[in-house]
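To start, the structure itself, in structure tokens.
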Amino acid sequence: MADDDSMNGIHDEVPEIELIIKASTIDGRRKGACLFCQEYFMDLYLLAELKTIRLKVTTVDMQKPPPDFRTNFEATPPPILVDNGLAVLENEKIERHIMKNVPGGHNLFVQDKEVATLIENLYSKLKLMLLKKDDTKTSSLMSHLRKIDEHLERKDTRFLTGDTMCCFDCELMPRLQHIRVAGKYFVDFEIPAEFKSLWRYMYHMYQLDAFTQSCPADQDIINHYKLQQNVKMKKHEELETPTFTTSIPVNVDIN
């Protein structure tokens with residue numbers, strides 16, 4: 001297992017939370033392209049920035065999990081949260097634990113039914129587009145992104161529910177990154193430059209350590225879907241230097 005002490009220099013009395021995430025399916029060490037791993041990494045990173053916790057992130061190569069991982073967690077895949085010796089294994093339970101038991105966590109979990117509905121099923125539309133590769137599925141994803149763009153335009157705030165990040169942003173932005181990277185690679189899909197409020201939102205997210213520190217490389221996102229499609233990676237792809245797509249269209253007003 002590879003350790004990555006993300007937030008150091010915080011006083012000892014602050015509790016340490018360990019998040020075990022899936023490692024890259026390319027090199028087995030860097031961050032993998034698991035959406036839930038990145039979502040909870042972002043949640044906890046924000047709390048570590050506020051100094052309510054110390055965050056320790058550990059990557060595990062699930063193709064060759066180390067003996068201590070198998071002993072402690074058997075076949076349970078990450079994300080796994082460990083808080084004072086207590087291992088929390090299921091996604092819903094991890095979310096609930098962050099909200100109820102991690103210092104400051106309740107502030108991240110705002111109640112907003114409209115936003116919850118707005119971002120629901122976005123990822124399933126990406127997967128359908130990559131699977132079917134037809135105009136209907138592409139149009140369905142495009143329509144969903146337009147609704148998010150319109151919401152952000154109406155709201156006129158930096159993030160989904162206001163000018164402070166919340167759990168919904170930690171859920172949405174990793175999915176938008178997968179849409180950008182995998183959509184472009186597999187079906188030449190691009191988020192239209194006309195969705196200016198959505199691009200402005202993504203620009204603000206790209207400036208945040210919580211996103212950049214948790215974001216997998218483009219190659220890992222692409223390989224995540226290649227594995228789902230039983231497509232083998234070519235040797236030269238394994239040797240590529242990791243890249244991270246964080247550009248935005250030049251005609252987007254970021255203010």
Side-chain angles (χ1 to χ4, degrees), residues 6 24 30-39 41-43 45-46 49 108 112 114-115 118-127 129-130 135 137-225 240-255:
S6 299
S24 162
R30 64 181 185 240
K31 297 177 289 288
C34 168
L35 285 166
F36 290 109
C37 291
Q38 187 179 4
E39 179 181 340
F41 191 154
M42 289 180 69
D43 284 330
Y45 196 100
L46 290 169
E49 284 188 318
L108 288 174
D112 192 318
E114 180 192 357
V115 171
L118 181 69
I119 65 177
E120 196 175 32
N121 300 323
L122 178 65
Y123 182 60
S124 62
K125 290 180 180 176
L126 167 65
K127 292 189 75 172
M129 182 180 75
L130 298 181
D135 291 344
K137 303 307 179 195
T138 301
S139 296
S140 177
L141 177 61
M142 192 79 80
S143 175
H144 199 138
L145 291 171
R146 182 176 285 106
K147 288 177 183 174
I148 297 172
D149 177 66
E150 289 168 351
H151 167 85
L152 289 164
E153 186 176 8
R154 281 195 312 273
K155 193 84 179 170
D156 195 27
T157 52
R158 288 180 69 200
F159 304 112
L160 283 168
T161 61
D163 288 319
T164 304
M165 272 185 70
C166 71
C167 61
F168 294 122
D169 299 295
C170 298
E171 181 178 344
L172 175 62
M173 188 58 196
R175 286 154 179 76
L176 291 174
Q177 190 70 1
H178 279 230
I179 288 168
R180 280 201 79 180
V181 175
K184 176 64 177 173
Y185 182 88
F186 290 100
V187 295
D188 202 27
F189 174 85
E190 294 190 71
I191 299 172
E194 69 195 60
F195 293 176
K196 287 184 166 47
S197 295
L198 180 57
W199 278 112
R200 191 180 305 118
Y201 171 82
M202 292 171 70
Y203 168 81
H204 287 306
M205 295 297 290
Y206 285 142
Q207 308 311 304
L208 299 176
D209 289 343
F211 180 76
T212 58
Q213 293 297 316
S214 63
C215 186
D218 296 346
Q219 289 85 346
D220 287 302
I221 294 174
I222 291 164
N223 199 49
H224 175 77
Y225 296 99
E240 285 181 358
T241 301
T243 58
F244 299 85
T245 298
T246 58
S247 59
I248 63 165
V250 293
N251 62 338
V252 172
D253 179 7
I254 59 174
N255 296 316

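Here, residue 1 is the first one in the sequence, and each next residue gets the next number. Excluded from the calculations below are hydrogen atoms, water molecules and symmetry mates; all remaining heavy atoms, backbone and side chain alike, are included.
- Judged by distance alone, with hydrogens and angles left aside, the side-chain atoms of Lys31 form no donor-acceptor pair with the main-chain N or O of Gln38 at under 3.5 Å.
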Audit row: Arg30, Asp220, salt bridge (Lys or Arg N to Asp or Glu O under 4.0 Å) steps and yes/no
CA-CA 9 Å; Arg30 64 181 185 240; Asp220 287 302; 2.6 Å; yes

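- Surrounding NZ of Lys127 are at most 12 heavy atoms belonging to other residues, nucleotides or ligands under 6.0 Å away.
- Residues Pro249 and Lys196 fail the side-chain proximity criterion, which asks for heavy atoms closer than 4.5 Å.
- Stacking of Arg180 on the aromatic ring of Phe195 is not recorded, the 6.0 Å distance cut-off and the 45° axial limit not both being met.
- Side-chain atoms of Tyr201 and Asp169 include a donor-acceptor pair closer than 3.5 Å.
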Take Ile191 and Asp149 through the test side-chain contact (heavy atoms from CB on, under 4.5 Å) and record every step on the way to the result.
CA-CA 11 Å; Ile191 299 172; Asp149 177 66; over 6 Å; no

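- Two residues are said to be in side-chain contact when any heavy atoms from C-beta on lie closer than 4.5 Å; Phe168 and Leu118 fail this criterion.
- Using modelled atom types, no side-chain atom of Asp156 and backbone atom of Glu153 make a donor-acceptor pair closer than 3.5 Å.
- Distance alone, capped at 3.5 Å, places no donor-acceptor pair between the Gln177 side chain and the Met173 backbone.
- Taking each heavy atom of Leu126 and Tyr225 in turn, the nearest pair found is CD2-OH, 3.7 Å.
- When side chains are defined from C-beta on, Val115 counts as touching His151, because their heavy atoms get closer than 4.5 Å.
- Looking at Ile221 and Thr245, their side chains never come closer than 4.5 Å, going by heavy atoms from C-beta outward.
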side-chain contact (heavy atoms from CB on, under 4.5 Å) for Ile148 and Leu172? Distances and angles first, verdict last.
CA-CA 10 Å; Ile148 297 172; Leu172 175 62; 4.0 Å; yes

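- Using modelled atom types, no side-chain atom of Glu171 and backbone atom of Glu39 make a donor-acceptor pair closer than 3.5 Å.
- When all heavy atoms of Lys155 and Gly162 are compared, the closest pair comes out as CE-N, 4.1 Å.
- Within a 6.0 Å radius of CZ in Phe36, other residues, nucleotides and ligands contribute 12 heavy atoms or fewer.
- Nearest heavy atoms, His204 versus Arg158: ND1-NE, 3.8 Å.
- Although no hydrogens or angles enter the test, the distance criterion places a donor-acceptor pair under 3.5 Å between the side chain of Arg200 and the main chain of Asp253.
- Under a cut-off of 6.0 angstrom, the local environment of CG in Asp135 is sparse, with at most 12 non-hydrogen atoms contributed by other residues, nucleotides or ligands.
- If you check the side chains of Asp112 and Thr161, you find no donor sitting under 3.5 Å from an acceptor.
- For Ser143 (side chain) and Ser139 (main-chain N/O), no donor-acceptor pair under 3.5 Å exists by modelled atom type.
- At a threshold of 4.5 Å between non-hydrogen side-chain atoms, the residues Leu208 and Leu46 do not count as touching.
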